[in-house]
Amino acid sequence: MNALTHPLLPQLVKVPQRKVSIPKLTLPYMNRFVSIPINQILYIQSDVNYSNIYLKDGQRFLVAKTLKEYNQELKTYPFARIHKSFLVNLDSITSCDFPEYEVHLQNGVCLPIARRKRKVFQQVYHFFQLAHRITS
């Protein structure tokens with residue numbers, strides 16, 4: 001047995017591991033900034049010039065930013081605009097009821113899919129499902 005095949009080699013040599021950074025969204029909230037992981041967002045709901053951001057742990061943040069701005073900011077992440085009032089995280093969808101045009105989320109909330117967004121959302125969600133199956 002030489003030094004390179006010694007069974008304790010991995011324990012003796014500390015290999016620096018790269019930290020995998022989780023993308024975060026910084027929210028201006030109540031005179032401070034809150035940083036939340038993007039994968040913790042269930043959906044974002046429009047409220048005129050404000051947005052309600054709903055998280056998986058049940059928290060909700062009311063932020064003075066429009067849904068259009070969040071749609072632009074999150075376009076490289078798995079989010080889809082399903083209605084003029086909703087931007088949903090595709091990872092948080094448990095099922096889609098296309099005859100009823102609703103999406104069901106992990107927390108039991110049911111959101112509507114707008115008539116004008118149905119066809120595009122169906123294609124986007126189908127593509128997301130295929131990509132998700134390939135990577136897992």
Side-chain angles (χ1 to χ4, degrees):
M1 181 179 329
N2 63 25
L4 295 177
T5 59
H6 193 276
L8 296 178
L9 183 65
Q11 295 172 356
L12 298 173
V13 178
K14 297 273 185 187
V15 178
Q17 294 183 0
R18 288 180 35 189
K19 282 188 173 181
V20 177
S21 65
I22 297 172
K24 295 187 178 187
L25 187 64
T26 303
L27 308 174
Y29 179 73
M30 304 272 295
N31 297 326
R32 61 189 170 108
F33 289 98
V34 177
S35 187
I36 57 169
I38 289 176
N39 62 357
Q40 293 300 308
I41 299 172
L42 281 172
Y43 66 98
I44 304 173
Q45 181 180 13
S46 171
D47 188 9
V48 190
N49 288 330
Y50 293 88
S51 295
N52 286 298
I53 299 175
Y54 294 87
L55 303 183
K56 291 180 181 179
D57 62 4
Q59 287 184 308
R60 183 190 71 146
F61 294 96
L62 179 64
V63 182
K65 207 170 181 183
T66 64
L67 193 60
K68 183 178 180 179
E69 292 174 273
Y70 281 117
N71 195 25
Q72 283 294 94
E73 195 170 336
L74 297 170
K75 67 182 175 185
T76 59
Y77 299 100
F79 282 83
R81 185 86 178 255
I82 61 169
H83 192 276
K84 70 178 182 176
S85 300
F86 296 105
L87 182 66
V88 68
N89 184 347
L90 296 175
D91 283 328
S92 68
I93 296 174
T94 56
S95 67
C96 287
D97 188 357
F98 286 110
E100 295 293 323
Y101 299 108
E102 297 173 335
V103 293
H104 302 273
L105 303 180
Q106 293 171 348
N107 64 347
V109 171
C110 185
L111 300 176
I113 304 171
R115 190 177 318 137
R116 292 184 177 173
K117 306 226 183 240
R118 290 174 183 166
K119 189 173 183 177
V120 173
F121 174 69
Q122 193 169 8
Q123 293 169 348
V124 167
Y125 188 66
H126 180 69
F127 181 74
F128 174 75
Q129 292 285 11
L130 288 174
H132 198 266
R133 274 188 238 140
I134 290 170
T135 58
S136 56

In Å, rounded to the nearest 0.5 Å, how long is the span from CZ of Phe79 to CG of Leu90? 8.5 Å
Is the closest side-chain heavy-atom distance between Asp91 and Phe128 below 4.5 Å? yes
Any idea which heavy atoms bring Asp97 and Pro99 closest together, and the distance? OD1-CD, 3.2 Å
Do Leu55 and Leu42 come close enough that some side-chain heavy atom pair is under 4.5 Å? no
Please collect all side-chain hydrogen bond (donor to acceptor under 3.5 Å, both in side chains) contacts where either partner lies in residues 46-57, sequence neighbours excluded, each pair once. Gln45-Tyr54, Asn52-Arg60
Nearest 0.5 Å please: distance from the CD1 atom of Ile41 over to the CD1 atom of Ile36. 4.0 Å
Nearest heavy-atom pair of Pro23 and Tyr77: which atoms, and what distance? CB-OH, 3.4 Å
Gap between atom CG of Leu74 and atom CD1 of Ile38 - 0.5 Å precision: 5.5 Å
Output the distance between atom NE2 (His126) and atom CZ (Phe121), rounded to the nearest 0.5 Å. 13.0 Å
Partner set under salt bridge (charged side-chain N to carboxylate O under 4.0 Å, His left out) for Glu73, not counting sequence neighbours: Lys65
Atom NZ in Lys24, atom CG in Asn39: separation rounded to 0.5 Å? 10.0 Å
Under 4.5 Å between side-chain heavy atoms, counting indirect links through other Ile/Leu/Val/Met/Phe/Trp/Tyr residues: same cluster for Phe61 and Tyr43 or not? no
Does atom CZ of Phe127 have more than 12 heavy-atom neighbours from other groups under 6.0 Å away? no
Which atom names give the shortest non-hydrogen contact between Leu67 and Phe86, and what distance separates them? CD2-N, 3.6 Å
Quick one: does Glu69's side chain have a donor or acceptor within less than 3.5 Å of a partner on Thr66's backbone? yes
Drop me the distance from Leu62's CG to Ile53's CD1, to the nearest 0.5 angstrom. 9.0 Å
Give the minimum heavy-atom separation between Pro112 and Ile82, together with the two atoms involved. O-CD1, 3.4 Å
Does some side-chain heavy atom of Tyr70 sit less than 4.5 Å from a side-chain heavy atom of Val63? yes
What about Leu105 and Tyr101, same hydrophobic cluster or not, with Ile/Leu/Val/Met/Phe/Trp/Tyr joined at side-chain heavy-atom distances under 4.5 Å? yes
Check: His104 main-chain N/O paired with Thr94 side-chain donor or acceptor under 3.5 Å: yes
Give me each pair satisfying salt bridge (Lys or Arg N to Asp or Glu O under 4.0 Å) with a member in residues 117-131, each pair once, sequence neighbours excluded. none
Do Tyr125 and Val88 belong to the same hydrophobic cluster, where Ile, Leu, Val, Met, Phe, Trp and Tyr are linked whenever their side-chain heavy atoms lie under 4.5 Å apart, directly or via other members? yes
